[in-house]
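Labels below follow one simple rule: chain letters A, B, ... track the order of the sequence lines, proteins then strands, and each chain is numbered from 1.
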Amino acid sequence: MSDESVSGNRYDFRTIEAKWQQRWEEADLFRVDYDPNKPKFYGLDFFPYPSGAGISVGHCRNYVPLDVVCRLKGMQGYNVLRPMGWDAFGQPAENEAIKRGRNPREMVTDYAANYRRQFKIVGMSYDWSREINSSHPDYYRWTQWFFLLLHKRGLAYRSDTPINWCPSCKTGLANEEVVAGRCWRCNSVVEKRPLPQWYFRITAYGDRLISGLDTIQWPEGIKTQQREWIGRSEGAEVDFAVIGHDAALRVFTTRPDTLWGATFMVMAPEHPLVAQITTPENAVAVQEYTERAQRSTEIERQATDRTKTGVFTGAYANNPVNGEPIPIYIADYVLMGYGTGAIMAVPAHDQRDFEFAKKYSLPIVMVYQSAPEQTAESLEEALPAGGAMALGPFAGEPNSKETVRKVIKWIEEQGTGKGVVNFRLRDWLISRQRYWGAPIPIIHCPNCGAVPVPEDQLPVLLPDVEKYQPTGTGESPLAGIPEFVNTTCPECGSPAKRETDTMGGFACSSWYFLRFADPHNSERAFDPELANYWLPVDLYVGGAEHAVMHLLYARFWTKVMHDAGLVPFDEPFQRLRNQGMLLAYTAGRRVTKDEAGDGEEVDTNEPLEDWKVLKPEEKASLPEDQWVWKWVKMSKSMGNVVTPDEISERLGADTLRLYSLFVAPFEETVQWSDKGIEGAYRFVNRVWRLWTELRPHYSADWRSGTVATGDTERKLRRKLHQTIRKVGDDIENFRFNTGVAALMEFTNELSAFRNELSHQTPTAEQVTLISEILETLTLLLAPITPHLSDEFWELLGKEGYTRNCAYPTFDPAAAAEESIVIVVQVNGKLRERIEVAPDTATAEIERLALACEKVQAELTTKQVRKVITVPGKLVNIVVG
RNA sequence: GCCCAGGUGGUGAAAUGGCAAACACGCUAGAUUCAGGUUCUAGUGCUCGCAAGGGCUUGGAGGUUCAACUCCUCUCCUGGGCACCA
């Protein structure tokens with residue numbers, strides 16, 4: 001059956017790859033089942049949402065390497081869970097559906113089918129029996145169940161603080177979904193809107209989300225990003241009595257030790273106390289300022305180089321440590337969302353307060369002084385560190401963390417405040433005013449308030465609608481469907497209304513990794529025994545852009561599940577690796593000045609760039625000498641996508657897999673080039689030719705044959721076993737590029753051996769060696785080029801699939817070097833190389849080194865000062 | 001401004017204290033071929049030299065060391081993240 005492919009010296013990859021993909025599918029080769037007697041390995045890709053463009057060769061930079069690791073682990077005897085499913089709910093899918101004018105349900109099904117087809121083309125070893133789709137009721141029923149679990153545990157609540165609102169997607173966004181003041185999906189400038197919304201109390205897990213990072217093997221950069229995003233800071237809350245009101249203004253400060261220098265206070269414009277304490281003569285100015293602050297975007301408000309602005313409320317508070325009356329201002333540099341939304345201002349020791357005090361001529365009092373001549377008047381900027389306390393009961397104490405601790409203890413004793421920990425992390429806004437998501441399982445009853453939908457009434461089905469476009473009114477399209485909205489209260493039976501917001505897509509992806517352990521369970525989200533066996537995920541692979549979104553949310557849900565006794569672990573992903581980006585060389589053009597100033601051409605929502613990708617019609621009209629080429633991320637919107645389909649058709653899936661690994665280190669950003677992949681193609685063909693030329697000499701019972709004794713043969717077999725040692729090790733450590741290089745090196749040596757052999761009939765010893773090589777090389781390549789390897793395996797007359805074979809292990813004796821080269825240096829400069837047996841004594845090596853001609857030449861004018869010998873490596877002779 | 005990751009031949013890169021440039025692309029020459037492509041062989045960091053051979057070289061400047069791409073200090077550049085968080 002394979003006669004054709006053998007007879008030509010060119011590898012017929014199209015036939016061979018299609019053949020094996022079909023056979024794997026028929027044999028259900030990648031199906032995996034629970035087996036408590038086997039060690040498990042769970043390798044998981046980030047949950048993809050299937051986009052219309054399908055996968056590009058860029059996506060192969062994460063899917064291929066994990067596939068290689070999983071296939072290797074399988075050959076090493078692990079029970080390998082390698083599932084795939086679709087993150088089908090949420091903004092990315094819905095925006096695409098709206099753009100295409102398609103029903104999202106049908107569209108996602110089509111797109112997923114295309115992804116599945118592409119994954120099969122590149123030989124992915126997914127267990128498709130576990131495929132899940134987060135937009136199916138079978139799945140989102142359990143997403144809703146988890147919502148109720150969080151609700152039951154007091155971790156889901158409704159609040160009407162102003163939210164981040166994307167005017168283009170017409171929905172609220174979580175803090176993590178606002179990237180530099182813009183929507184993560186459409187890049188529009190985010191606004192603030194007052195809307196009652198559901199939140200998950202992720203801040204309650206702030207400490208554990210930080211400490212858990214120490215227990216997992218993730219890239220340090222991602223851990224740092226999470227730590228900084230969570231932003232834990234220790235300090236104190238202190239109450240300032242507002243003069244003339246029965247109210248206290250509570251502030252959070254990390255520097256309670258500077259209380260004696262607090263000369264005014266600042267509230268966020270949105271602070272609830274503002275209306276109450278503002279005096280009539282200041283009311284107009286305060287209201288104007290508040291309105292202006294609300295109109296301004298996050299970007300404007302957070303620009304750090306802006307001069308500080310604010311207005312006086314007319315009210316005063318008493319500084320609790322000295323009773324001094326100090327004025328209360330409002331200013332937009334104080335944020336309602338952090339701490340208590342109000343601060344005590346210590347201009348002497350905080351730069352922001354300093355700038356504000358200078359602008360509004362407010363008094364500056366120094367708490368810490370470095371020298372007697374240093375005065376508040378002489379300050380040109382705030383002094384956050386250094387000096388000793390110059391006033392108050394702690395006079396003389398140094399400016400240190402220890403002093404801060406002492407002061408916190410003291411104010412607790414005085415009853416004016418208490419030590420607290422604050423997080424920069426905000427609670428997770430989960431409501432979306434959108435159609436395409438899991439409905440929030442809550443019923444609003446006029447008598448009972450927000451009542452959870454009883455578990456036995458789940459799922460709350462997402463109804464089919466004709467118009468699924470977001471309304472922009474602050475309500476989801478579901479609000480316009482009376483049959484959905486109107487229901488009865490589960491508690492009192494009176495008429496009630498369903499919550500019409502849906503959950504953001506990150507809810508679905510916060511537990512999908514558990515569903516893969518037990519994907520078809522209709523009784524519960526997952527069986528604990530199955531989850532305990534498969535989880536946590538051993539190796540998780542995906543892009544670094546999810547550092548503070550999915551990766552933080554999933555950790556939070558897992559900790560909640562752990563606390564609820566559902567799972568024994570509280571970190572879902574043991575080992576994480578982020579692949580590098582893939583860039584494509586893309587034709588664009590300069591954005592002209594006219595254009596930039598012209599609101600019609602440039603969307604004001606887009607960040608101002610001086611380069612734009614050429615649209616297809618512009619490529620025809622714009623002369624080529626005006627094209628400006630740039631390396632940009634391969635993506636559909638840039639029109640620069642190379643698909644695995646076209647590469648597989650032209651050069652083969654095995655070539656694509658090999659090149660994806662070889663092109664650069666795994667984490668590195670790569671510039672896609674068609675030239676480079678030709679080299680991978682040549683290598684695969686070279687292996688094919690070499691292997692098929694040697695195959696006639698194959699003897700299946702080579703293991704009982706004579707081991708090669710000739711120099712050439714011993715050397716080749718040594719290289720083979722050194723290659724076995726290196727390749728498996730490199731794959732497990734994500735050094736795929738050097739692993740492939742090792743296989744290339746071996747192939748080069750094998751090629752030289754073949755040339756030497758020429759047309760002679762090989763000796764019995766050579767037959768044994770050739771046979772060992774034919775088998776071993778096939779299995780070493782199997783995780784990387786599985787189609788080629790299975791074809792080889794069949795050509796050797798073997799049954800079955802390489803995926804089920806044991807991965808080769810190396811023989812240390814065969815891999816050991818027979819002689820080693822010792823480098824001889826004089827004053828650190830290379831002068832000579834000497835070859836010795838590996839067990840040569842140090843003294844003997846030194847003697848040989850000193851006897852070298854070049855060393856002797858140096859010694860005619862100089863003396864030996866020192867000799868350093870590193871066994872097995874070098875001798876460095878220091879002369880002078 | 002702060003944090004993280006980088007900077008090595010014409011190009012992608014390798015080497016994590018011990019021979020800088022493995023492997024591959026590209027290029028040069030030769031063989032095969034009517035020719036092109038393929039394949040095979042040899043060469044290919046820079047530089048001086050007819051040669052033998054020598055010198056130089058990992059963004060830059062210092063330092064530690066017998067020895068530094070690798071460790072330390074400062075600095076420049078590129079990419080990514082965060083950015084008035086009290």
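- OP1 and OP2 of B/C40 both lie 4.0 Å or more from every side-chain N or O belonging to A/Asn755.
- B/G6 and B/A86 have their P atoms separated by 29 Å, with the value rounded to a whole Å.
- A heavy atom lying under 4.0 Å from RNA chain B marks the following residues of residues 727-744 of chain A, by number: A/Asn737, A/Thr738, A/Ala741, A/Met744.
- Taking every heavy atom of both residues into account, A/Leu788 and A/Trp688 meet most closely at CD1-CE3, 3.6 Å.
- In B/G17 the base sits anti relative to the sugar, since the glycosidic angle is further than 90° from 0.
- Under 4.0 Å is where a charged nitrogen must lie from a carboxylate oxygen, and between A/Lys223 and A/Asp214 no such pair does.
- If you measure from atom NZ of A/Lys726 to atom P of B/C23, you get 13 Å, rounded to the nearest angstrom.
- The listed nucleotides are B/C23, B/C3, B/G18; the one nearest the side chain of A/Glu228 is B/C3.
- Using a 30° and 60° split on the angle between ring planes, A/Phe356 and A/Tyr360 fall in the tilted class, from 30° to 60°.
- A/Asp654 meets the salt bridge (Lys or Arg N to Asp or Glu O under 4.0 Å) test with no other residue; sequence neighbours excluded.
- Within the 4.0 angstrom heavy-atom criterion, only backbone atoms of the sugar-phosphate kind lie near A/Glu668; the bases stay farther away.
- Judged as a salt bridge (Lys or Arg N to Asp or Glu O under 4.0 Å), and not counting sequence neighbours, the contacts of A/Glu732 are A/Lys73.
- Annotation: B/C25 and B/A42 have their P atoms spaced 15 Å apart (nearest Å).
- Here A/Arg833 does not pair with A/Glu835 in a salt bridge; the nearest charged N to carboxylate O distance is not below 4.0 Å.
- As a whole-Å value, the separation of A/Asp350 CG from B/C84 C1' is 9 Å.
- Across all strands shown, B/A5 is found opposite B/U78 as a Watson-Crick or G-U wobble partner, with both distances under 3.5 Å.
- If you measure from atom NE2 of A/His546 to atom P of B/C82, you get 13 Å, rounded to the nearest angstrom.
- Taking atom C1' on both B/A22 and B/C72, the two are 29 Å apart, rounded to the nearest angstrom.
- The C1' atoms of B/C82 and B/U73 are separated by 26 Å, rounded to the nearest whole Å.
- Contact check, A/Arg831 against B/G54: no side-chain N or O comes under 4.0 Å of OP1 or OP2.
- Contact of the A/Arg292 side chain with the A/Asp332 side chain is not registered, since no non-hydrogen atoms from C-beta on lie closer than 4.5 Å.
- A donor N or O paired with an acceptor N or O is found under 3.5 Å between the base of B/C84 and the side-chain atoms of A/Lys308.
- Residue A/Asn827 is classed as having no contact, given no heavy-atom separation below 4.0 Å to the nucleic acid.
- Comparing B/C19, B/C25, B/A86 by their closest approach to the side chain of A/Phe252 singles out B/A86.
- Rounded to whole Å, atom C1' of B/A68 lies 13 Å from atom CG of A/Leu874.
- For A/Asn748, the side-chain atoms get nearest to B/A24 when compared with the rest of B/A24, B/A67, B/C40.
- Summarising the base pairing, B/G12 is matched to B/C23 through a Watson-Crick or G-U wobble pair whose two defining distances lie under 3.5 Å.
- Closest contact between the side chain of A/Val821 and the listed nucleotides B/A13, B/A86, B/C19 involves B/C19.
- Across all strands shown, B/C34 forms no Watson-Crick or G-U wobble pair with both distances under 3.5 Å.
- Note on A/Val878: only backbone sugar-phosphate atoms sit closer than 4.0 angstrom, heavy atoms only; bases stay farther off.
- Each of A/Ala752 and A/Val663 was matched to the nucleotide of RNA chain B holding its nearest heavy atom; the match closer to the 5' end belongs to A/Val663.
- A/Phe662 comes within 4.0 angstrom of a base, heavy atoms only.
- The P atoms of B/A13 and B/G7 are separated by 9 Å, rounded to the nearest whole Å.
- Screening residues 662-675 of chain A for salt bridge (Lys or Arg N to Asp or Glu O under 4.0 Å) gives A/Arg577-A/Glu667, A/Arg650-A/Asp674 as the qualifying pairs, with residues at least two apart or on separate chains.
- The side chain of A/Thr224 sits closest to B/C3 out of B/C3, B/C19, B/U39.
- Rounded to whole Å, the separation between the C1' atoms of B/G45 and B/U28 comes to 16 Å.
- Here, B/G62 and B/U70 have their P atoms 14 Å apart, quoted to the whole Å.
- A/Met336 has its CE atom 13 Å from the C1' atom of B/A86, to the nearest Å.
- Residue A/Arg227 places none of its side-chain N or O atoms closer than 4.0 Å to OP1 or OP2 of B/C82.
- For B/G26, neither phosphate oxygen OP1 nor OP2 lies less than 4.0 angstrom from any side-chain nitrogen or oxygen of A/Lys675.
- Pairing for B/C71 is with B/G63, a Watson-Crick or G-U wobble pair whose two hydrogen-bonding atom distances lie under 3.5 Å.
- Whole-Å rounding puts the A/Trp229 CH2 to B/C2 C1' distance at 15 Å.
- Residue contacts shown for A/Pro665 are limited to sugar-phosphate atoms, with no base heavy atom under 4.0 Å away.
- At a threshold of 4.0 angstrom between heavy atoms, the contacts of A/Val870 include nucleobase atoms, whether or not backbone atoms are also involved.
- In this structure, A/Arg424 does not reach the B/A86 phosphate: none of its side-chain N or O atoms is under 4.0 Å from OP1 or OP2.
- Between A/Lys854 and A/Glu832 there is no salt bridge, since no side-chain N of the basic residue sits under 4.0 Å from a carboxylate O of the acidic one.
- Between the side chains of A/Glu176 and A/Tyr553, a donor-acceptor pair is found at a separation under 3.5 Å.
- Nucleic acid contact class of A/Val334 (heavy atoms, under 4.0 Å, all strands): base.
- OP1 or OP2 of B/C40 has not a single side-chain nitrogen or oxygen of A/Ser751 nearer than 4.0 Å.
- A/Arg686 comes within 4.0 angstrom of sugar-phosphate atoms only, judged by non-hydrogen atoms across all strands, and of no base.
- For the pair A/His349 NE2 and B/C84 P, the interatomic distance rounds to 23 Å; values are reported in whole Å.
- Here A/Gly339 lies out of heavy-atom contact (under 4.0 Å) with every strand.
- Checking B/A86, B/C23, B/A13 against every side-chain atom of A/Leu335, the shortest atom distance belongs to B/A86.
- Looking at residues two or more places apart in sequence or on another chain, you find no salt bridge (Lys or Arg N to Asp or Glu O under 4.0 Å) involving A/Glu749.
- When the P atom of B/C3 is taken as reference, atom CD1 of A/Ile222 falls 18 Å away, rounded to whole Å.
- No contact: A/Ser673 has no heavy atom under 4.0 Å from any strand.
- Rounded to whole Å, the C1' atom of B/C3 lies 36 Å from the corresponding atom of B/G10.
- When both pairing distances are held under 3.5 Å, B/A29 makes a Watson-Crick or G-U pair with B/U41.
- Side chain of A/Lys829, nearest nucleotide from B/C19, B/G81, B/C56: B/C56.
- Using a 4.0 Å cut-off, no side-chain N or O of A/Lys633 falls inside it from OP1 or OP2 of B/G79.
- Partners of A/Arg847 by salt bridge (Lys or Arg N to Asp or Glu O under 4.0 Å), not counting sequence neighbours, listed by chain and number: A/Glu844.
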